[in-house]
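Working notes, beginning with the structure itself.
Note that the structure is a prediction, hence the values are computed from the model and not measured. Atoms within a ligand are numbered from 1 in the order they appear, just like the ligands themselves.
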Amino acid sequence: MTKETQDFQHRLKANAEAVETVLARLLSPEPEGGEIVRPAHLLGAMRHGVLNGGKRLRPFLVIESAALFPGADREAALRVGAALECIHCYSLVHDDLPAMDDDDLRRGQPTVHIAFDEATAILAGDSLLTFAFDIIAAPETVLPDRTKTELVLALARAAGIGGMAGGQALDLAAESTTPDESGIVTLQAMKTGALIRFGCEAGAILAGAATAERVMLRRFGEVIGLAFQLADDLLDLTADAETMGKATGKDASRGKGTLVALHGQGWAEHRLDALVREAEAILAPFGDKAGTLVETARFIANRRS
Ligand code: GRG
């Protein structure tokens, strides 16, 4: 393992622990001002869906993108990262439901509707989605109001009809309509790419970066989002359920259109290399400061779980 990879692994772990602490504190039983009570059963389901050992990659992107800019507030980045993770976890809880992907296993544990019940899993997802915007808007997130509004707007657009939820709708429709290559790219950019792109752009937004820098990080997010999905499609084909902590082989068994199914494994591996080079080129203007984000692009392309 190179020194850069070691440093990266260390930072990923340290940031994941910091995010875990913030999430555990946020998901505590005491109601916040304006709330009445936090029902224990629902809170338990939310905690089950969130505090269960994810890689915390999306918060990592927020924290490390923000760290490119001197003066960016790490505490604020941690909270925005935690908000993004809540949206990611809600999407996993709902995606695992019988009406969607119908999975029993997530992050190596029973999915929320198995550990609790379907109605509670739906409500846990709903509450996590709402909670994300609560976290950003709350006074404990110390950022200018205008910055918070920009973050809320960008996150809503990334998660909603023109982003992740819309991508999931296109994905469900694709089970009967078989999209062409550009259709696959669009649905993937929405379903998984949009939150990853937001993670990168959010760092620039909360740091008050110049528009040109924000655009660079947004573009970097798009490129690593493509790499993430391509790697995920490869893993669905090649990895086992134990390594992944979730069911695999589902794409092929459903005849689902992926770029790997369309072009083959060799093509996908070359394309991943090209995407990593593109990600490096986008960040070149930041120089050595962007080393961790460059390693993140490599990690995403090479991940094995
Ligand atoms: C239900 C509105 C709604 C959307 C669901 C993202 C999504 C849309 C569904 C997830 C399905 C899925 C498994 C997609 C593959 C990419 C993905 C999001 C993998 C899980 O993300 P990781 O690898 O997981 O970052 P951890 O557990 O580390 O957070």
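Only the side chain of Arg303 comes within 4.0 Å of ligand 1, judged by heavy-atom distances. In Leu57, neither the side chain nor the backbone holds a heavy atom less than 4.0 Å from any atom of ligand 1.
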For this session: Show the numbers, then the answer: is there a salt bridge (charged side-chain N to carboxylate O under 4.0 Å, His left out) between Lys3 and Asp7?
Result: CA-CA 6 Å; Lys3 163 114 178 42; Asp7 286 352; 2.8 Å; yes

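Distance alone, capped at 3.5 Å, is enough to place a donor-acceptor pair between the Thr21 side chain and the Glu17 backbone.
Of all the listed residues (Leu235, Asp95, Val50, Ile87), Asp95 holds the heavy atom that lies closest to atom 12 (C) of ligand 1. Among Gln229, Met164, Arg58, the residue whose heavy atom sits closest to atom 18 (C) of ligand 1 is Arg58.
Within ligand 1, counting atoms from 1 as listed, the ones closer than 4.0 Å to a heavy atom of His94 are 1 (C). Near Tyr90, the atoms of ligand 1 lying under 4.0 angstrom from a non-hydrogen atom of the residue are 2 (C). Here is the list of ligand 1 atoms found below 4.0 Å of a heavy atom in Arg107: 26 (P), 27 (O), 29 (O).
Between the side chains of His94 and Gln168, no donor-acceptor pair of N or O atoms lies under 3.5 Å.
The side-chain tip of Arg298 does not point at the ring of Phe8 from less than 6.0 angstrom away and within 45° of straight on.
Classification of Arg25 and Glu30 as a salt-bridged pair fails, no side-chain N sitting under 4.0 Å from a carboxylate O. Taking 4.0 Å as the cut-off between side-chain N and carboxylate O, Arg219 and Glu278 count as a salt-bridged pair.
At a 3.5 angstrom cut-off on N or O pairs, Lys55 counts as close to ligand 1.
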